[in-house]
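In each ligand, atom 1 is the first atom listed, and ligand 1 is the first ligand listed. For the numbers below, each heavy atom of this structure counts, side chains included, while hydrogens, waters and symmetry mates do not.
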Amino acid sequence: MNIVFANIALPRSGAVAVLVAEGGALGKVGKDIDKKTGGMLARAIRADRFEGKVGQTLDILAPNGITAARVLLIGIGKPQDIKPLVAEKAGSVLVDALAKKGDKSVAVAIDEFSDAAMQVADIAAHVGAGARLASYRFDKYRTTLGERDKPSLTKVTVMCAKAPAAKTAYLPLDRVIDGVFDARDLMNEPANSLNPAEFAARAKALVKRGLKVEVLNEKQMEKLGMGALLGVGRGSACESQLIVMHWKGDPKSKEAPIAVVGKGVCFDSGGISLKPGAGMGDMKGDMGGAAAVFGLMAALAGRRAKVNVVGVLGCVENMPGPDAQRPGDIVTSMSGKTIEVLNTDAEGRLVLADALTYVQQKFAPRAIVDLATLTGAIMVALGDANAGLFCNQDALAAQLTGAGAAVGESVWRMPLGESYDKKLKSKFADMQNIASSPHGGAITAAQFIQRFIEGDTPWAHIDIAGVAWLSGEPKPSWGTGFGVRLLDRFIADNYEN
Ligand code: BES
Ligand code: MN
Ligand code: ZN
């Protein structure tokens with residue numbers, strides 16, 4: 001989708017859209033169109049009980065008196081309550097409403113509302129961002145799409161009195177959306193195409209955008225003693241890969257980098273502790289944490305963020321096989337700690353354990369955030385409206401919670417504590433990879449990970465199992481890209497110079 005910014009001028013063709021405040025009062029452009037069409041807008045608003053609430057739309061077809069094919073009214077709510085997410089919602093409903101309606105272009109007018117809570121240029125930028133986010137589709141493997149199933153809309157012109165300022169405000173948002181789309185592409189790709197080696201190849205392709213990318217193969221990981229991560233990949237024909245992506249946007253800084261670590265299980269069959277068949281296809285998305293880290297690194301490079309961040313992606317495939325690890329096996333992690341693997345389906349924590357030790361030993365980061373589709377239990381606790389946040393420091397938890405709220409990727413803090421940790425006691429090794437009780441499974445998983453955090457390094461673990469993909473009816477994108485905008489905002493607000 002091509003998003004452009006321009007001064008206000010009614011288009012001669014295509015569709016025209018206007019934002020309408022709650023109560024249905026038209027702005028300057030709306031009034032102008034209403035006049036030209038002989039009062040059609042005001043009549044349609046009354047006829048359809050359109051109230052201008054956030055997300056409401058009213059499609060007025062073939063209006064007389066103007067040449068545009070249709071006028072779409074989009075509710076924006078109360079001007080004093082307009083926030084970036086409200087403006088993005090307006091952009092997304094615009095694209096949802098018109099994507100397949102036949103129009104190739106739409107021009108949306110952003111009026112100056114009196115006492116609006118945001119500057120008109122910022123509203124326009126976020127309308128553009130919402131429109132582009134909603135335009136994502138993953139049609140790569142569809143060979144039989146009919147003409148009417150393909151989107152017709154290719155261009156959104158966002159019109160406002162401050163077009164150059166709007167464009168400037170939009171640019172960094174656009175680069176972050178590039179990262180979101182990268183993450184969605186990775187999520188949607190099936191595991192027969194996106195295995196750990198392909199993941200690494202896609203990471204290496206980001207070198208041309210200015211990132212430093214290093215990939216460790218199994219031999220190199222063996223040398224480092226990564227028995228926990230390597231154990232998970234043993235049943236697979238695909239070689240495990242540890243992908244290290246470095247963005248050095250602040251080369252003069254003496255400060256240690258921020259580290260982000262992602263679970264990249266390209267397919268999670270459960271291994272010898274095989275999962276039941278129903279819904280197993282979703283486990284191609286068990287690399288959602290790694291996808292988010294990848295997307296974040298692309299976003300940081302795209303908008304040339306003045307900050308140093310290292311991303312580590314633990315990419316493996318968890319399969320049964322003659323050489324797969326067995327329940328009862330004991331592995332030695334890179335940290336030296338031994339783990340009794342009682343359930344091969346609790347594999348994400350094994351991958352994260354070694355990835356976390358690696359990033360700490362190699363980079364001594366000032367803070368670590370890991371993302372993982374780690375447990376079904378977090379979906380029981382929080383559903384799909386919040387990811388689970390586990391954190392050893394209140395200040396870091398507040399930063400992440402604030403960033404999530406600002407971009408619409410909410411996280412909800414969960415507890416940690418000794419009474420959960422002790423459930424990981426093993427009969428034979430330093431710990432076991434599942435708790436002695438199934439209750440509080442997301443928390444005991446987080447406790448397991450915390451055992452690999454050294455000293456008092458600020459650390460947060462975000463369990464994204466409930467938010468990384470959309471269940472139910474097919475949508476243009478199954479993968480959400482959750483985490484890219486959250487982490488980007490977290491870094492922009494707290495660590496960028
Ligand atoms: N990848 C899964 C968690 C998951 C489940 C993500 C459903 C998204 C949707 C993880 O590897 C897993 O299998 N976890 C087990 C842990 C259990 C064996 C302790 C789980 O949650 O059942
Ligand atoms: Mn599993
Ligand atoms: Zn998993």
- Carboxylate-amine/guanidinium proximity below 4.0 Å for D394 and R413: yes
- Query: Who's closest to atom 4 (C) of ligand 1 heavy-atom-wise, of K263, R349, M283, M379?
  - Reply: M283
- Message: Would you say that F181 contacts R184 through its side chain, given a criterion of any heavy-atom pair below 4.5 Å between the two side chains?
- Response: yes
- Message: Parallel, tilted or perpendicular, judged at 30° and 60°: which one describes the rings of F448 and F452?
- Response: tilted
- Task: Answer yes or no: is there a donor N or O on one side and an acceptor on the other, between the side chain of N343 and the main chain of S273, under 3.5 Å?
- Result: no
- Message: Any atom of ligand 1 sitting under 4.0 Å from a heavy atom of F267?
- Response: no
- Query: Would you find a donor on one side and an acceptor on the other, under 3.5 Å apart, between the side chain of S236 and the backbone of G233?
  - Reply: no
- F199/L194 under side-chain contact (heavy atoms from CB on, under 4.5 Å): CA gap, chis, key distance, verdict: CA-CA 6 Å; F199 211 132; L194 188 77; 3.9 Å; yes
- Message: Do the side chains of K275 and D282 get close enough for a salt bridge, i.e. N-O under 4.0 angstrom?
- Response: no
- Message: Can you report which non-hydrogen protein atom sits closest to atom 22 (O) of ligand 1, along with the distance?
- Response: G376 N, 4.5 Å
- Message: Is it the case that the side chain of N494 and the backbone of F490 share a donor-acceptor pair, with hydrogens and angles ignored and the cut-off at 3.5 Å?
- Response: yes
- Fit a plane to each ring of Y136 and F138, take the angle between them on a 0 to 90° scale, and name the class: parallel (under 30°), tilted (30 to 60°) or perpendicular (over 60°). parallel
- Query: Tell me, which protein residue and heavy-atom name are nearest atom 2 (C) of ligand 1, and how many Å apart are they?
  - Reply: D268 OD2, 3.6 Å
- Query: With no hydrogens and no angle check, is any side-chain donor or acceptor of E317 less than 3.5 Å from a backbone partner on N195?
  - Reply: no
- Enumerate the atoms of ligand 1 whose separation from the nearest heavy atom of I434 is less than 4.0 angstrom. 19 (C)
- Task: Check each atom of ligand 1 against the heavy atoms of W469 and keep those under 4.0 Å away; list them by number with element.
- Result: 8 (C), 9 (C)
- Query: Hey, is atom 13 (O) of ligand 1 touched by any protein heavy atom at less than 4.0 Å?
  - Reply: yes
- Tell me, with the steps shown, if V156 and M1 meet side-chain contact (heavy atoms from CB on, under 4.5 Å). CA-CA 7 Å; V156 176; M1 184 72 67; 3.9 Å; yes
- Message: Which label fits W478 and W469: parallel for a plane angle under 30°, tilted from 30 to 60°, or perpendicular past 60°?
- Response: parallel
- Message: Within ligand 1, which atoms have a heavy atom of L374 less than 4.0 Å away?
- Response: 2 (C), 3 (C), 10 (C), 12 (C), 14 (N)
- Give the residue and atom name of whichever protein heavy atom lies nearest to atom 18 (C) of ligand 1, and the separation in Å to one decimal. N343 ND2, 3.5 Å
- Just need the protein heavy atom nearest to atom 15 (C) of ligand 1, so name the residue and atom and give the distance. D345 O, 4.1 Å
- Where ligand 1 meets T373 - atom numbers and elements under 4.0 angstrom, heavy-atom basis: 1 (N), 2 (C), 3 (C), 6 (C)
- Message: Using a strict threshold of under 4.0 Å (side-chain N to carboxylate O), is an ion pair present between D421 and R451?
- Response: yes
- Task: Please name the residue in the list L350, D268, V341, T344 that meets the side-chain contact (heavy atoms from CB on, under 4.5 Å) test with V232.
- Result: L350
- Query: Where the side chain of D250 meets the backbone of V307, is there a donor-acceptor pair that is under 3.5 Å apart?
  - Reply: no
- Here the atoms of ligand 1 under 4.0 Å from any heavy atom belonging to E347 are 11 (O)
- Message: For a distance under 2.8 Å, give residue and atom name for each protein N, O or S atom next to the Mn ion (ligand 2).
- Response: D268 OD2, D345 O, D345 OD1, E347 OE1
- How many protein atoms of type N/O/S are positioned less than 2.8 Å from the Zn ion (ligand 3)? 4
